[in-house]
Amino acid sequence: MLGEEGAAMAVRPVETAESRYDFAEIERKWQAAWAAADLYRTPAAEQRPKYYMLTMYPYPSGDFHVGHWYAMTPPDVYARYMRMRGHDVLFPIGFDAFGLPAENAAIKRGIHPRTWTMDNIARMRAQLRTMGTMFDWEREVVTCDPEYYRWNQWFFLRFLEKGLAYKKHAPVDWCPSCQTTLAREQVVGEERRCERCDTPVIRKDLDQWFFRITAYADELLSFHGLDWPERVKAMQTNWIGRSEGTAFAFEVGQERFEVFTTRIDTLYGCSFAVLAPEHPLVERITTPEQRDAVAAYIGQASRESDTERLSTARQRTGVFTGAHAKHPLTGQPIPVWIADYVLMSYGTGAIMAVPGHDERDFDFATRYGLPIPRVIEGGDLPHTGAGTLVNSGPYDGMTSADAWNAIADALEKGGIGRRTVQYRLRDWLISRQRYWGTPIPVVYCDACGIVPVPDSDLPVVLPPDAEFRPTGESPLLHDPSFLNTTCPKCGGPARRETDTMDTFVDSSWYMYRYLSPHDGAAPFDPAAAARWLPVDTYTGGIEHAILHLMYMRFFTKAMRDLGLVAFGEPALRLRNQGIILGENSEKMSKSRGNVVNPDDLVARYGADVVRLYLMFIGPWDQGGPWNSRGIEGIVRFQQRLWRTCLDAAATGGGRDHPGDPSLRRALHQAIARVTADLDRFAFNTAISAMMTLLNEVGAYREAGGGNGDLLREVMRAFTRLIAPLAPHQAEEMWQRLGGAGSVHVQAWPEADAALLRQERVTIVVQVNGKVRDRLEVDADAPEDEVRAAALASAKVQAAIGGRAVAKLVAVPNRLVNLVLG
RNA sequence: GCCGGGGUGGCGAAACGGCAGACGCGGGGGACUUAAAAUCCCAGGCCGGCAACGGCGUGCGGGUUCGAAUCCCGCCCCCGGCACCA
């Protein structure tokens with residue numbers, strides 16, 4: 001071509017071998033450059049507003065799968081974005097390094113858990129680097145390091161002092177496969193299976209350590225000031241299970257037992273009472289004639305597993321104790337039964353039965369021929385709703401709501417009962433009968449009993465030369481050097497606690513440890529905490545909705561009450577990722593053969609494309625199936641963006657073109673959209689806005705636009721917009737476009753409202769709400785002008801068909817609706 | 001049963017109460033090429049029609065409104081959580 005191109009000739013970038021974007025080379029280059037320049041070090045001095053971006057630290061299982069990439073990309077994007085928006089960003093990473101898989105590897109293959117764990121961590125660190133993440137590795141936390149877990153022990157001791165940690169003999173859940181007890185939260189589903197390994201748990205009576213999370217039950221119900229998904233809040237609320245009711249006692253001769261009810265308004269309908277088979281009073285009140293039947297029933301109930309008890313749920317069974325209790329208001333004797341539909345673990349383990357107005361009591365009464373009185377009018381029995389009271393002495397004629405209060409008042413006045421609140425939430429069982437966890441820092445002394453290990457003796461370190469037995473028993477039980485110690489109080493011989501802590505203890509406060517990961521004097525540096533906490537945005541999987549996220553909230557509240565921090569919530573905003581499914585829309589698994597390996601993807605497409613594609617699939621909290629065709633669309637986008645960038649760099653001078661203003665407007669529209677979309681974690685629409693902008697640049701070139709200055713202006717801004725999502729390519733583009741320094745420390749572009757304004761706008765003309773024509777008019781044209789133009793339209797006139805226009809609705813710059821009479 | 005979230009083209013999905021289907025995938029047509037790949041362009045909800053155009057369309061039935069995917073009421077279905085919780 002000679003000199004300047006023919007004026008109207010389309011100028012568009014051409015694909016050549018040289019213009020192909022070489023992701024492998026470029027990604028390697030910039031990852032090395034960033035590391036050498038320490039680009040992602042958290043700023044030490046306070047200069048700009050802080051932003052603490054946190055993602056749930058991974059378990060070092062050995063390899064990241066594509067789900068980890070899906071989980072890790074948005075926090076990285078957001079951290080980069082907030083940095084460009086002018087914040088000092090803290091974006092740390094670490095490893096949740098204690099846990100059973102490491103111990104299983106030790107038992108099976110003779111590798112020490114520490115070796116297994118640290119090897120995995122090394123491999124996963126490298127993978128996280130190939131993703132192009134901006135984690136600050138200087139702050140890495142590895143929870144199996146004594147330097148970390150000593151502070152678990154320190155917190156345990158503080159909790160012990162505060163009465164927030166205690167030991168109790170209690171019926172607990174035991175996983176026979178993991179060979180340890182579990183917290184109630186770790187037993188899932190109707191079949192009561194171990195959350196980790198899916199084995200049905202069994203009940204055991206053991207001495208175990210608990211954290212008193214129930215002390216914060218009410219406070220945990222308040223999510224005030226938290227921007228968390230409804231789903232998570234609902235799950236926690238449901239788990240805590242608060243219910244308001246009335247507690248009162250029944251007298252049985254000299255004995256008495258308390259019951260809890262939420263339906264005190266139905267008290268006059270109580271025709272019998274039921275105790276849980278395990279209730280301590282059963283033995284004392286059972287009459288001699290009933291003794292054999294009761295003993296047989298209790299024996300049968302205790303032999304049955306929970307699963308069996310549940311499978312016969314519809315067939316309610318029970319046995320009469322022979323005893324009678326006195327109705328607190330009528331004084332009538334009512335029979336006392338035992339039945340396994342009453343649980344010892346909830347409320348008081350005893351109930352007042354109101355068969356007329358409760359399904360379960362109705363079934364039971366029907367089966368055993370007990371009376372079913374009606375105390376609320378209307379409908380067939382059982383009638384469980386509210387209504388007007390009958391057969392209720394002085395309360396007849398009252399509504400349920402009024403009677404509820406009146407009867408509660410009467411019981412309180414008579415000293416018989418009181419209003420009270422019950423929770424389903426139980427205290428957090430933290431004892432684990434495993435080796436690979438934090439030793440619980442107490443010793444047992446024959447003279448002094450349970451003695452806490454003094455702070456100065458921390459950490460209590462796991463013995464490194466443990467012997468892992470094929471039986472799966474904790475090596476700590478058989479390690480004399482660990483087991484035998486002296487009592488810190490009396491100096492006599494003592495024995496160490498061999499239980500270790502639930503690994504959820506580790507994860508309950510790791511966001512604090514990132515502030516000063518090597519601090520030898522305190523769990524975290526208070527000055528750093530004041531600067532950075534609480535976490536501004538926290539991301540992770542929905543599977544932790546109850547477990548980790550509730551424990552973490554509890555820890556922060558306990559730390560606040562210990563005077564360690566000034567706030568009560570650790571994370572202000574929470575966002576959950578969805579799950580990436582296999583190409584066949586099923587869960588990815590080796591057995592299904594639909595696993596997508598991220599290392600293969602990175603080798604084939606590069607990290608930027610994988611990041612972009614994962615974010616483009618759809619709303620992040622929704623997840624979705626992998627699509628190997630879909631990622632090719634992102635490859636095309638990447639290549640087209642690259643060619644457009646080279647083209648912009650090579651195009652000369654400021655040759656004006658009539659398309660210039662609309663291209664510049666397209667840029668500012670894209671800036672506005674991408675900014676708003678990233679703010680709301682809508683990565684898919686942010687990317688589509690960038691694709692639209694790229695299409696606009698293509699159309700501009702297609703139409704002969706050749707203003708090189710404008711093209712570079714657009715592409716420099718574009719480069720900054722895409723920098724959080726495709727950090728490597730953006731860095732390379734930034735350099736090619738003549739930008740100084742790293743693109744990742746540039747200021748985020750700002751949309752100019754004046755440039756967003758259009759000179760001409762398209763107005764939709766509706767007749768009776770149906771679109772009949774479109775008009776192009778000047779922006780902000782006066783209404784009567786628009787109205788005249790609308791009425792002048794032949795299409796509109798045809799639709800009106802000579803009828804009268806009764807009403808005209810005009811929305812400026814948008815539409816006119818003609819309503820016919 | 002209770003709680004939470006959904007239901008929009010062939011597919012993934014967009015849409016402050018104001019042009020439904022942006023953006024992308026797939027399929028279709030075309031340009032370039034000896035050919036293919038790559039790239040670029042065009043069309044693209046469904047039905048009728050060569051077309052202009054018309055009708056119908058956001059799970060179903062009502063309602064509010066000049067105007068509803070969006071708000072309200074009543075259902076249906078799907079996903080997730082909890083579930084003998086007194």
Side-chain angles (χ1 to χ4, degrees), chain A residues 10 12-17 19-20 188-190 229-239 241-243 245 259-263 266 274 276 309-310 312-314 316 339-343 345-354 358-361 363-364 384 422-424 542-543 545-546 578-579 585 613 616-619 621-622 624-634 636-637 639-640 643 673 682 684-695 698 702 762-771 773-774 795 798 806-811 813-820:
Chain A
R12 75 173 99 96
V14 179
E15 168 91 342
T16 66
S19 67
R20 185 113 196 128
V188 296
E190 219 171 325
E230 282 309 316
R231 192 152 63 127
V232 174
K233 293 193 283 187
M235 283 166 75
Q236 291 198 5
T237 302
N238 183 32
W239 186 259
R242 183 182 201 274
S243 55
V259 298
F260 172 79
T261 179
T262 55
R263 290 301 304 276
T266 63
V274 187
R309 265 165 89 154
L310 280 167
T312 56
R314 290 292 117 206
R316 290 181 212 295
D340 63 6
Y341 81 91
V342 174
L343 310 174
S345 56
Y346 182 77
T348 59
I351 62 158
M352 69 171 202
V354 184
D358 181 283
E359 305 257 8
R360 296 153 300 178
D361 299 343
D363 291 348
F364 193 79
T384 56
Q422 280 290 334
Y423 302 91
R424 225 144 43 211
I542 189 73
E543 68 275 15
I546 295 172
I579 296 169
S585 295
Y613 175 62
F616 188 63
I617 288 176
D621 59 358
Q622 199 177 294
W626 178 261
N627 181 338
S628 52
R629 304 296 273 282
I631 196 170
E632 297 291 345
I634 296 292
R636 285 198 276 270
F637 171 65
Q639 294 295 341
R640 205 158 64 234
R643 289 193 303 272
R673 282 197 56 190
N684 57 330
T685 50
I687 293 168
S688 83
M690 290 189 246
M691 288 173 166
T692 303
L693 176 59
L694 188 60
N695 291 344
E702 188 74 16
T762 302
I763 299 275
V764 168
V765 185
Q766 298 180 334
V767 177
N768 280 343
K770 283 189 189 226
V771 179
D773 200 4
R774 295 179 174 86
K795 288 175 184 171
K807 188 173 172 183
L808 183 144
V809 180
V811 181
N813 294 333
R814 204 157 277 209
L815 66 74
V816 172
N817 188 11
L818 305 170
V819 185
L820 304 183

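Only a predicted model underlies this, so the values are computations on that prediction, with no experimental measurement involved. Chain letters run A, B, ... following the sequence lines, proteins first and then strands; every chain starts at 1.
- Shown here for A/Thr348 and A/Phe260, the closest heavy-atom pair between the two residues is OG1-N, 3.9 Å.
- Between the side chain of A/Gln639 and the main chain of A/Arg20, no donor-acceptor pair closer than 3.5 Å is present.
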key: Footprint string (nucleotides 11-24 of chain B, 5' to 3'): B base within contact, S backbone only, - free, heavy atoms under 4.0 Å   = -BSSSB-BBS-BBS
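- Atoms CD (A/Gln639) and P (B/A37) sit 18 Å apart, rounded to a whole Å.
- Side chains of A/Phe616 and A/Ile631 form no contact here, defined as non-hydrogen atoms less than 4.5 Å apart.
- Shown here, B/C60 forms a base pair with B/G74; the pair counts as Watson-Crick or G-U wobble because both key distances fall under 3.5 Å.
- Closest of all the heavy-atom pairs between A/Met352 and A/Thr266 is CE-OG1, 3.7 Å.
- By the 6.0 Å contact criterion, CG on A/Leu808 is enclosed, its count of non-hydrogen atoms from other residues, nucleotides or ligands being greater than 12.
- A 3.5 Å limit on both hydrogen-bonding distances identifies no Watson-Crick or G-U partner for B/A37.
- B/G18 is paired with B/C66 under the criterion used here, namely a Watson-Crick or G-U wobble arrangement in which both key atom distances are under 3.5 Å.
- For the pair A/Arg242 CZ and B/C3 P, the interatomic distance rounds to 18 Å; values are reported in whole Å.
- Between A/Leu343 atom CG and B/A86 atom P the separation is 11 Å, expressed in whole Å.
- With sequence neighbours left out, A/Arg673 forms a side chain to side chain donor-acceptor pair (under 3.5 Å) with no residue at all.
- B/A68 atom C1' lies 14 Å from atom NZ of A/Lys770, rounded to whole Å.
- Annotation: side chain of A/Ile351 is in contact with side chain of A/Tyr341 (closest heavy-atom distance under 4.5 Å).
- The partner of B/G1 is B/C82, judged by Watson-Crick or G-U wobble contacts that both fall below 3.5 Å.
- B/A20 and B/C73 are spaced 26 Å apart, taking the P atom of each and rounding to whole Å.
- Under a 4.0 Å N-O distance rule, the pair A/Lys233/A/Glu230 qualifies as a salt bridge.
- In this structure, A/Lys233 reaches neither bases nor backbone, as no heavy-atom distance under 4.0 Å exists between it and the strands shown.
- Taking atom P on both B/A15 and B/C71, the two are 14 Å apart, rounded to the nearest angstrom.
- If you measure from atom CG of A/Asp358 to atom P of B/G1, you get 17 Å, rounded to the nearest angstrom.
- Taking atom C1' in both B/C23 and B/C76, the straight-line distance is 32 Å, to the nearest Å.
- In this entry the distance linking CD of A/Glu702 with C1' of B/U39 reads 12 Å, nearest Å.
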So which protein N/O to nucleotides 79-82 of chain B N/O distances come out below 3.5 Å?
from  : atom 1 : to       : atom 2 : distance (Å)
B/C82 : O4'    : A/Asn238 : ND2    : 3.2
B/C82 : O2'    : A/Asn238 : ND2    : 3.4

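- Here the side chains of A/Val354 and A/Thr261 are not in contact, with every heavy-atom distance at 4.5 Å or above.
- For the P atom pair drawn from B/G29 and B/A36, the interatomic distance equals 13 Å after rounding to whole Å.
- Side-chain atoms of A/Arg231 do not come within 3.5 Å of backbone N or O of A/Ala545 as any donor-acceptor pair.
- Across all strands shown, B/G28 forms a Watson-Crick or G-U wobble pair with B/C42, both key distances being under 3.5 Å.
- Within 6.0 Å of CZ on A/Arg424 lie more than 12 heavy atoms contributed by other residues, nucleotides or ligands.
- The residue A/Ser243 sits close only to the backbone: its heavy atoms come under 4.0 Å of sugar-phosphate atoms, none of a base.
- Of the C1' atoms belonging to B/G57 and B/C19, the separation is 15 Å, rounded to the nearest Å.
- Side-chain nitrogen and oxygen atoms of A/Lys795 include at least one within less than 4.0 Å of the OP1 or OP2 phosphate oxygen of B/C53.
- If you measure from atom CD of A/Glu230 to atom C1' of B/C3, you get 11 Å, rounded to the nearest angstrom.
- With its glycosidic angle within 90° of 0, B/G9 is assigned syn.
- Taking atom C1' in both B/G45 and B/G21, the straight-line distance is 7 Å, to the nearest Å.
- Distance A/Glu632 CD to B/U39 C1': 15 Å, rounded to the nearest Å.
- Position along RNA chain B of the nearest nucleotide to A/Val819 versus A/Val232 favours A/Val232 as the more 5'-ward residue.
- Taking the C1' atom of each, B/A69 and B/A22 are spaced 15 Å apart, rounded to whole Å.
- Distance noted for atom P between B/G59 and B/A68: 15 Å (whole Å).
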